[in-house]
Participant: 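Please see the structure below; I have some questions.
Proteins get letters first, then strands, A, B, ... in listed order; numbering begins at 1 in each.
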2 protein chains.
Amino acid sequence: MIKRNTIQKQLILNAVRNLRNHPTADDVYNYIVQNHPNISKGTVYRNLNSLAEDGILIKISVPDAADRFDDTLKKHYHIKCMECKEFMDVNLDYMQELDDKVSEMTKYKIFSHDVVFKGICQSCADKSKS
Amino acid sequence: MIKRNTIQKQLILNAVRNLRNHPTADDVYNYIVQNHPNISKGTVYRNLNSLAEDGILIKISVPDAADRFDDTLKKHYHIKCMECKEFMDVNLDYMQELDDKVSEMTKYKIFSHDVVFKGICQSCADKSKS
DNA sequence: TTTTGTGCAAAAACTTTGCAACGTA
DNA sequence: TACGTTGCAAAGTTTTTGCACAAAA
């Protein structure tokens, strides 16, 4: 099954790269539909999943929210404020050694691991004090 | 708002503890409904989320699947086979120092972090070879 | 040509919610 | 009694899918 390089696929990959902010499928759709009103949401989902399968994007499972997609130039971690739902990168180096260790322990072939920190951002913490 | 200790709440907490296997809300419902046919799925969802809020259970976001719930006796990590969907514990110690480090970096009050390893289990790897 | 990908709409999967009745403290 | 909780069903959200047509290779 040879994957084809369609216009939609390029639009979707570019959208994720341009938006940067780990967009959801819906974010990607809304971005593209402005200039390409005929694109369908089904196509967005299909391509995002396909790109994630090929390792060109990563799919991030977010607590209590839709999946997000991110460029894989560099593996990194995320943090979510459980109050205001802010979701952003964490500037920690990817711990490749964990994958190696877990691979040895479990005999799995590990692709990668996701880390999501959960907490309350400073601004929400301040609000709840007052 | 004082939380009450209802029969349903106890059934739900026991179900998660007995099932062990990080059940989904649906798993919990199916387990309980056998002996308590009147319990409703809405109640299961409400209680699981409430227990997770109170830190009595954790809610785990799983790639391409429904959320799972787990007992919090000991924080730990998980691994998922992207082929057969097996989902299980990983015997790695919880890295508390990451929470501390990220808290300092981001000024977030960190509750915890989730780690999910993604890969292919040995049995699936063998199958795809043949 | 061949066969993968698209758009559309319907449906599946998962989860939340409004409401009247109920049960706990 | 007061008010948090339940069961039920309806609705919300997110994601997948069947199909006929379009378009890459």
Side-chain angles (χ1 to χ4, degrees), chain A residues 1-16 19 22-54 56-70 80 82 85 87 116, chain B residues 1-16 19 22-54 56-70 80 82 85 87 116:
Chain A
M1 147 98 153
I2 290 143
K3 288 194 179 171
R4 289 176 184 175
N5 195 18
T6 63
I7 292 167
Q8 288 85 347
K9 187 174 192 169
Q10 292 173 45
L11 287 170
I12 289 162
L13 183 52
N14 281 332
V16 173
L19 285 167
H22 354 259
T24 62
D26 206 51
D27 294 336
V28 170
Y29 172 78
N30 288 322
Y31 179 82
I32 296 175
V33 84
Q34 295 177 52
N35 295 313
H36 300 81
N38 292 322
I39 195 156
S40 89
K41 211 169 260 191
T43 297
V44 171
Y45 273 101
R46 275 186 287 232
N47 275 289
L48 286 172
N49 283 327
S50 160
L51 289 162
E53 249 175 42
D54 296 346
I56 297 164
L57 296 178
I58 51 165
K59 184 174 187 173
I60 316 163
S61 301
V62 181
D64 301 317
D67 290 338
R68 290 169 171 274
F69 293 84
D70 206 351
K80 175 169 181 178
M82 302 310 284
K85 317 299 181 201
F87 186 84
V116 180
Chain B
M1 147 99 158
I2 290 145
K3 287 193 182 172
R4 287 180 184 171
N5 195 17
T6 64
I7 292 167
Q8 289 84 346
K9 188 175 191 169
Q10 292 173 44
L11 287 170
I12 288 162
L13 184 52
N14 282 332
V16 173
L19 285 167
H22 352 260
T24 62
D26 206 52
D27 295 335
V28 170
Y29 172 78
N30 288 322
Y31 179 81
I32 297 174
V33 84
Q34 295 177 50
N35 295 313
H36 300 81
N38 291 322
I39 195 155
S40 89
K41 210 169 261 192
T43 297
V44 172
Y45 273 101
R46 275 186 287 230
N47 274 289
L48 287 172
N49 283 328
S50 161
L51 289 162
E53 249 174 40
D54 296 346
I56 297 164
L57 296 179
I58 51 164
K59 184 175 187 172
I60 317 162
S61 300
V62 181
D64 301 317
D67 291 338
R68 290 168 171 275
F69 293 85
D70 206 351
K80 176 170 181 178
M82 301 311 284
K85 318 298 181 201
F87 187 83
V116 180

Participant: Test of understanding: with side-chain hydrogen bond (donor to acceptor under 3.5 Å, both in side chains), list the residues that count as partners of Lys41(B), not counting sequence neighbours.
Facilitator: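 Partners of Lys41(B) by the side-chain hydrogen bond (donor to acceptor under 3.5 Å, both in side chains) criterion, ordered by chain and then number, come out as Asp26(B).
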
Participant: If each of Val44(A) and Asp67(B) is mapped to the nucleotide of DNA chain C with the nearest heavy atom, which maps nearer the 5' terminus, i.e. the 5' end?
Facilitator: Val44(A)

Participant: Residues two or more places apart in sequence or in another chain: which of them pass side-chain contact (heavy atoms from CB on, under 4.5 Å) with Asp70(B)?
Facilitator: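 So Asp70(B) forms a side-chain contact (heavy atoms from CB on, under 4.5 Å) with His22(B), Ile58(B), Ile60(B), His76(B), His78(B), Asp89(B).
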
Participant: Identify the 5'-most and 3'-most nucleotides of DNA chain D with at least one atom closer than 4.0 Å to a non-hydrogen atom of chain A.
Facilitator: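 With heavy atoms of chain A under 4.0 Å away, the range is dT14(D) to dA25(D).
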
Participant: Give the rounded distance in Å between these two atoms: NZ of Lys41(A) and C1' of dA11(C).
Facilitator: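 To the nearest whole Å, that distance equals 15 Å.
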
Participant: Could I get the full list of side-chain hydrogen bond (donor to acceptor under 3.5 Å, both in side chains) partners for Asp64(A), not counting sequence neighbours?
Facilitator: Lys59(B)

Participant: I need the Leu48(A) CG to Phe69(A) CZ distance, nearest 0.5 Å.
Facilitator: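 Here the interatomic distance stands at 4.5 Å.
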
Participant: Heavy atoms within less than 4.0 Å of DNA chain D: which residues of residues 24-38 of chain A have one? Give them sorted by number.
Facilitator: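 Of all residues in residues 24-38 of chain A, none places a heavy atom under 4.0 Å from DNA chain D.
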
Participant: My understanding is that only residues two or more places apart in sequence, or in another chain, count here; which of them pass side-chain contact (heavy atoms from CB on, under 4.5 Å) with Ala65(A)?
Facilitator: Val62(A), Lys80(A)

Participant: To the nearest Å, give me how far apart CD1 (Ile7(B)) and P (dA25(C)) are.
Facilitator: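 The distance from CD1 of Ile7(B) to P of dA25(C) comes to 10 Å, rounded to the nearest Å.
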
Participant: Measuring only between side-chain heavy atoms, which start at C-beta, is Lys3(B) closer than 4.5 Å to Glu53(B)?
Facilitator: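 Counting from C-beta outward, Lys3(B) and Glu53(B) do come under 4.5 Å.
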
Participant: Does the side chain of Asn49(B) get closer than 4.0 angstrom to OP1 or OP2 of dT16(C) through an N or O atom?
Facilitator: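 Yes, Asn49(B) has a side-chain N/O under 4.0 Å of OP1/OP2 on dT16(C).
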
Participant: Please name all residues satisfying side-chain contact (heavy atoms from CB on, under 4.5 Å) with Thr43(A), sequence neighbours left out, ordered by chain then number.
Facilitator: Gln8(A), Ile12(A), Ser40(A), Arg46(A), Asn47(A)

Participant: Applying side-chain hydrogen bond (donor to acceptor under 3.5 Å, both in side chains), name anything that partners Asn38(B), two or more places apart in sequence or on another chain.
Facilitator: none

Participant: Do Pro23(A) and Val16(A) come within less than 4.5 Å of each other through their side chains, counting heavy atoms only?
Facilitator: yes

Participant: Nearest whole Å is fine: how far is dG7(C) C1' from Asn47(A) CG?
Facilitator: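 Roughly 13 Å, once rounded to whole Å.
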
Participant: Check the distance between dG7(C)'s P and Ile39(A)'s CD1 and give it to me in whole angstrom.
Facilitator: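 Taking CD1 of Ile39(A) and P of dG7(C), I get 6 Å after rounding.
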
Participant: Of the nucleotides dG5(C), dT16(C), dT24(C), which has the atom closest to the Tyr45(B) side chain?
Facilitator: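 Within the option list, the nearest is dT16(C).
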
Participant: Sequence neighbours left out, what passes side-chain hydrogen bond (donor to acceptor under 3.5 Å, both in side chains) with Tyr31(B)? Give chain and number order.
Facilitator: Asn18(B)

Participant: List in chain and number order the residues that pass side-chain contact (heavy atoms from CB on, under 4.5 Å) with Leu11(A), two or more places apart in sequence or in another chain; answer none if no residue qualifies.
Facilitator: Ile7(A), Ile32(A), His36(A)

Participant: Pick the nucleotide of DNA chain D nearest each of Ala65(A) and Asn5(A); which residue has the one closer to the 5' end?
Facilitator: Ala65(A)

Participant: Enumerate the protein-to-nucleotides 18-20 of chain C contacts in which both atoms are nitrogen or oxygen and the separation is below 3.5 Å.
Facilitator:
{"unit_1": "dG18(C)", "atom_1": "O6", "unit_2": "Arg46(B)", "atom_2": "NH1", "d": "3.4"}

Participant: Which nucleotide in the set dG7(C), dT6(C), dT4(C) lies at the smallest distance from any side-chain heavy atom of Ser40(A)?
Facilitator: dG7(C)

Participant: Whole Å only: how far is the CG atom of Asp64(A) from the C1' atom of dT16(C)?
Facilitator: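 It is 11 Å, rounded to the nearest whole Å.
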
